[in-house]
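For the numbers below, each heavy atom of this structure counts, side chains included, while hydrogens, waters and symmetry mates do not. Chain letters run A, B, ... following the sequence lines, proteins first and then strands; every chain starts at 1.
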Amino acid sequence: MKVYNTLSGTKEEFLPDGSQVNMYVCGVTPYADCHIGHAMSYIIFDVIRRYLEFKGYRVRHVQNFTDIDDKIINRANALSISARELADRYIAQYFASMDAINIQRAHVYPYATQEIPQIIEIVQGLLKKGYAYEAGGDVYFRVTKKPDYGKLSHRHLEDMVAGARVEPGSGKEHPMDFALWKSSKPGEPSWPSPWGGGRPGWHIECSAMSLRYLGETLDIHGGGQDLIFPHHENEIAQSESFTGKPFVRFWMHNGLLQMGEEKMSKSLGNLVTVEEILRKFTPDALRLFVLGSHYRGPLTFSEAGLEAAERGVDRLRVAMEGGAPGGDSDLEATYRRRFTEVMDDDFNAAQAVGALFDLARDINRKKEQGLGTKGLQSLLKELGAVLGLTLKKLEKSVDTQSIIELVAEIRSKVSSVDQGLALEVFSPGDIVASKFPTTGAETYIDLLVTSRTRLRKAKQFALADEIRSGLAQRGITLEDTPQGTVWKFKG
RNA sequence: GGCGGCGUAGCCAAGUGGCCAAGGCGGGGGUCUGCAAAACCCCUAUUCAGCGGUUCGAAUCCGCUCGCCGCCUCCA
């Protein structure tokens with residue numbers, strides 16, 4: 001399979017050492033709710049991992065939490081809680097959001113604050129080799145000592161220095177030198193070190209964690225494109241200077257989520273949280289929205305786009321319903337091959353999704369023809385799962401009370417039309433059931449559906465249609481099939 | 001100033017030298033249905049921002065022009 005490598009700027013043949021793939025994905029700084037940009041990135045790397053596993057690789061996935069930095073300290077101070085408390089709160093929130101959108105958990109989630117000894121060891125090693133220097137309790141990386149500094153982001157030191165926004169740090173030898181260790185100010189969280197009390201710089205934790213949990217050379221290191229510079233560039237500088245080995249075989253970066261004309265970012269304050277999205281759309285719809293475009297390209301957030309994705313995923317859900325035993329091994333093999341071919345080409349999930357829609361059409365076609373569909377349906381389920389789609393039926397909550405009101409309304413209308421019909425439509429047992437509002441809404445919906453069927457048999461179509469439209473207003477759709485009427489929640 | 005990306009049907013979007021330019025949403029027609037819904041069938045880009053060039057052949061390669069965006073500062 002081919003995978004695009006940011007380092008080379010081309011697609012390369014993906015050949016890990018053995019059957020194991022070591023994958024490190026940059027995690028979050030837990031100081032705020034997860035937004036859909038995070039969702040996009042982690043959905044993408046979730047699919048990459050799921051596909052590698054589908055291909056038979058054993059993936060070891062490590063993802064960090066940067067649980068100490070300026071933003072955490074500032075936010076914690078503003079809320080008058082400890083940095084630890086704040087980080088723990090948002091780490092819990094991170095897991096809740098990601099679990100909700102069916103992201104597989106990494107095997108290890110190291111915390112920056114729990115890797116201090118490893119970090120200090122690396123900083124000491126870099127000092128010893130002359131790649132770093134101390135300046136007043138801070139330790140900086142000496143970028144001029146690394147001749148290929150800039151190789152990931154494809155820039156040169158001279159160009160960067162020429163840029164307007166580079167400000168020389170007080171004790172820095174070179175404006176692009178970056179902190180490995182920062183001395184702490186009074187009142188800030190602090191860890192003892194050979195250079196005095198302080199805390200790690202932003203980039204060093206990833207070098208320490210990946211080295212400890214995955215070894216000197218990673219197969220895949222991923223994150224958003226916004227991390228290419230300076231974060232990942234600096235990680236390379238640190239890690240390779242320390243170990244003398246190549247740090248990463250494949251650098252993978254996802255495109256960024258855009259909000260209309262501008263990007264979504266914390267500083268612009270135009271964030272949409274995962275929680276907000278899930279109030280309106282299903283996790284599958286969010287996934288389909290993300291996977292509909294290429295992972296390296298930008299994605300523009302839009303409610304209309306998510307609505308389209310919701311309708312689309314509903315087609316896949318419908319294809320999973322019903323069906324008869326039987327298979328079509330040729331067709332199954334064709335789809336499996338098509339799916340694999342496009343995913344082998346740098347995880348072209350958009351093409352894979354296209355294959356799933358065609359597969360769904362073939363399933364529905366066979367259903368119409370009365371042919372066996374179970375084989376194709378289990379394939380759709382399997383390939384959908386590789387993309388992290390659950391294809392679960394929509395489950396929404398309904399207002400039981402409003403359904404009961406509809407029952408009462410319909411009953412009075414039926415009896416005003418024909419007393420005898422009323423008795424027939426709502427049998428005594430039905431009416432007894434309706435006197436107990438503690439019963440779930442399903443009971444009443446079923447009651448209405450049954451009554452509607454009887455009304456239709458009696459050619460009372462106006463009343464039957466009132467039941468249908470009444471339920472529709474309450475978020476429930478009816479479908480009359482040869483096997484009878486089924487109801488479902490509206491998408 | 002440096003680096004990188006984008007511009008494909010009403011909308012989203014795949015496609016990087018050659019079968020009819022994926023797929024989704026939307027729209028139109030039809031089948032089914034008491035009517036619907038869902039599903040299925042057919043239609044919805046002779047054309048890929050514009051202009052030149054390379055080639056037997058380009059949306060795909062090269063050049064220029066126009067428009068848009070990201071990174072270079074915390075960010076997935």
For nucleotides 17-22 of chain B, which of its nitrogen or oxygen atoms have a protein nitrogen or oxygen under 3.5 Å away, and what is each distance?
{"residue": "A22(B)", "atom": "N3", "partner": "Q351(A)", "partner atom": "OE1", "Å": "3.4"}

Quiz item: Side chain of L256(A): nearest nucleotide among C72(B), C25(B), G70(B)?
Solution: G70(B)
Self-check item: CZ on R287(A) to CD1 on I43(A), rounded to 0.5 Å
Solution: 5.0 Å
Quiz item: CG/L214(A) to NE2/H221(A) distance, rounded to the nearest 0.5 angstrom?
Solution: 10.0 Å
Exercise. Output the single nucleotide from C71(B), C25(B), C40(B) whose closest atom is nearest the side chain of R311(A).
Key: C25(B)
Practice problem: Using both distances under 3.5 Å as the test, list the Watson-Crick or G-U wobble partner of C71(B), or none. | Solution: G2(B)
Practice problem: Consider the side chain of N254(A), meaning its heavy atoms from C-beta on, and name the nucleotide among A76(B), C41(B), C25(B) that approaches it most closely. | Solution: A76(B)
Quiz prompt | Candidates F95(A), Y90(A), Y31(A) - the one meeting ring-ring contact (aromatic ring centres under 6.0 Å, His included) with F65(A) | solution = F95(A)
Quiz item: Could you state the interatomic distance from OH (Y111(A)) to CD (E205(A)), rounded to the nearest 0.5 Å?
Solution: 12.5 Å
Exercise. Answer yes or no as to whether G23(B) has its base stacked against F357(A), where stacking requires a ring-centre separation under 5.5 angstrom and planes under 30 degrees apart.
Key: no
Quiz prompt | Gap separating the CG atom of N5(A) from the CG atom of L152(A), nearest 0.5 angstrom | solution = 8.5 Å
Quiz item: Does R296(A) put a side-chain nitrogen or oxygen below 4.0 Å from OP1 or OP2 of A14(B)?
Solution: no
Under 3.5 Å, N/O pairs linking protein and nucleotides 36-38 of chain B:
{"residue": "A36(B)", "atom": "N6", "partner": "D480(A)", "partner atom": "O", "Å": "3.2"}
{"residue": "A36(B)", "atom": "N1", "partner": "D480(A)", "partner atom": "N", "Å": "3.1"}
{"residue": "A36(B)", "atom": "N1", "partner": "D480(A)", "partner atom": "OD2", "Å": "3.4"}
{"residue": "A36(B)", "atom": "N3", "partner": "R468(A)", "partner atom": "NH1", "Å": "2.9"}
{"residue": "A37(B)", "atom": "N1", "partner": "D480(A)", "partner atom": "O", "Å": "3.4"}
{"residue": "A38(B)", "atom": "O4'", "partner": "E479(A)", "partner atom": "OE2", "Å": "3.4"}

